[in-house]
Amino acid sequence: MAKQYWLMKSEPDAYAWDQLVHDGTGMWDGVRNHTAKLNMMAMKVGDEAFFYHSNIGKECVGIMRVTEESFPDPTAEPGSPWVVVRVAPVRALTHPVTLAAIKADPKLADMDLIRQSRLSVGRVTPDEWKHILKKSEKAEG
DNA sequence: GCCAACGTTGGC
DNA sequence: GCCAACGTTGGC
């Protein structure tokens, strides 16, 4: 299957990009939403995801790679349906791409991030992925 | 099975 | 701090 792309949100207060870079790898735990869970279950090793800082920053700050496919969330009650994936940082974006910049771009208006603002793990199409990468190379969104 | 109440998330 | 979106819960 072709590589898939994702966007994963975290409040930097709780878990920030710098922390993931520092750790070298991270378990994406604590997801308690079924749509997000299904997305995580669809992830394959090698898929890439934007790390998005919600609430504080409200911007995509880096790229990470899925290194281990979904398995039961050890922070959840035994028998509950929640899962985690393991991720590793690939690189920081040259410039963060803000939510405002994404909203302002008609090409990105249909993203999960926009249409379902509360979804913490969303799909990104290859076109959207490329487009956001291109934006991240420019100084302003 | 419907729906109102309530809690949480996240942008503004 | 407010509010919209949306998920969950509980009464009926």
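All chains are named by letter (A, B, ...) in the order of the sequence lines, taking the proteins before the strands, and each is independently numbered beginning at 1. Keep in mind that what you see is a predicted model, and the values were worked out from it rather than measured.
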Inset, instruction - Specify the separation, in whole Å, of atom CE of A:Met8 and atom P of B:dT9. - result: 16 Å
Legend entry - Contact list for residues 72-81 of chain A, test side chain to side chain donor-acceptor pair (under 3.5 Å), sequence neighbours left out: A:Arg32-A:Asp73, A:Arg32-A:Thr75, A:Asp73-A:Thr75
Inset, instruction - Look at the side-chain N and O atoms of A:His34 and state whether any lies under 4.0 Å from the OP1 or OP2 oxygen of C:dT8. - result: yes
Legend entry - Spacing of A:Ile114 atom CD1 relative to B:dG11 atom P, expressed in whole Å: 9 Å
Legend entry - Length of the NZ-P vector between A:Lys9 and C:dC6, whole Å: 11 Å
Legend entry - Value in whole Å for how far the C1' atom of B:dG11 lies from CD of A:Glu11: 12 Å
Legend entry - Path from A:Ile102 to A:Val61 over hydrophobic side-chain contacts below 4.5 Å: no
Inset, instruction - Would you kindly give the CG-to-C1' distance between A:Asp13 and B:dG10, to the nearest whole Å? - result: 13 Å
Inset, instruction - Using the rule that two of Ile, Leu, Val, Met, Phe, Trp, Tyr join whenever any of their side-chain heavy atoms come within less than 4.5 Å, decide whether A:Met64 and A:Val124 are in one cluster. - result: no
Legend entry - Residue-level proximity of residues 71-87 of chain A to DNA chain B when a heavy atom falls under 4.0 Å: none
Inset, instruction - Take atom CG of A:Asn55 and atom P of B:dG10, then tell me their distance rounded to the nearest Å. - result: 7 Å
Tabulated below should be each protein N or O lying under 3.5 Å from an N or O of nucleotides 3-5 of chain C; please produce it.
{"unit_1": "C:dA5", "atom_1": "N3", "unit_2": "A:Arg118", "atom_2": "NH1", "d": "3.0"}

Enumerate, atom names and distances included, each donor-acceptor pair closer than 3.5 Å involving a side-chain atom of residues 45-60 of chain A, sequence neighbours excluded.
{"unit_1": "A:Asp47", "atom_1": "OD1", "unit_2": "A:Gln4", "atom_2": "N", "d": "3.1"}
{"unit_1": "A:Asp47", "atom_1": "OD2", "unit_2": "A:Gln4", "atom_2": "NE2", "d": "3.0"}
{"unit_1": "A:Asp47", "atom_1": "OD2", "unit_2": "A:Trp6", "atom_2": "NE1", "d": "3.1"}
{"unit_1": "A:Asp47", "atom_1": "OD2", "unit_2": "A:Lys44", "atom_2": "N", "d": "3.0"}
{"unit_1": "A:Glu48", "atom_1": "OE1", "unit_2": "A:Lys3", "atom_2": "NZ", "d": "3.3"}
{"unit_1": "A:His53", "atom_1": "NE2", "unit_2": "A:Trp17", "atom_2": "N", "d": "3.1"}
{"unit_1": "A:Asn55", "atom_1": "ND2", "unit_2": "A:Glu11", "atom_2": "OE2", "d": "3.4"}

Inset, instruction - Look at A:Tyr52 and B:dG11 and indicate whether a side-chain polar atom (N or O) is within less than 4.0 Å of OP1 or OP2. - result: yes
Inset, instruction - Kindly say whether A:Trp129 contributes a backbone atom to a donor-acceptor pair with the side chain of A:Lys134 at under 3.5 angstrom? - result: no
Which donor-acceptor pairs under 3.5 Å do side chains of residues 23-31 of chain A form with protein atoms, sequence neighbours excluded?
{"unit_1": "A:Asp23", "atom_1": "OD1", "unit_2": "A:Gln19", "atom_2": "NE2", "d": "3.2"}
{"unit_1": "A:Asp23", "atom_1": "OD2", "unit_2": "A:Gln19", "atom_2": "NE2", "d": "3.4"}
{"unit_1": "A:Thr25", "atom_1": "OG1", "unit_2": "A:Arg86", "atom_2": "NH1", "d": "3.3"}
{"unit_1": "A:Thr25", "atom_1": "OG1", "unit_2": "A:Val87", "atom_2": "O", "d": "3.1"}

Inset, instruction - Looking only at non-hydrogen atoms, find the nearest pair between A:Asn39 and A:Val121 and report the distance. - result: ND2-O, 2.6 Å
Legend entry - Phosphate OP1/OP2 of B:dG10 contacted by A:Lys103 side-chain N/O (<4.0 Å): no
Inset, instruction - Rounded off to whole Å, could you give me the CG-to-C1' distance for the A:Leu113 and B:dT9 pair? - result: 13 Å
Inset, instruction - If a pair satisfies salt bridge (charged side-chain N to carboxylate O under 4.0 Å, His left out) and one of its residues is in residues 106-119 of chain A, list it, with sequence neighbours excluded. - result: A:Asp110-A:Arg115, A:Asp112-A:Arg115
Inset, instruction - Specify the separation, in whole Å, of atom CG of A:Leu119 and atom P of C:dG7. - result: 9 Å
Legend entry - Nearest heavy-atom neighbours spanning A:Val84 and A:Pro72: CG2-O, 4.2 Å
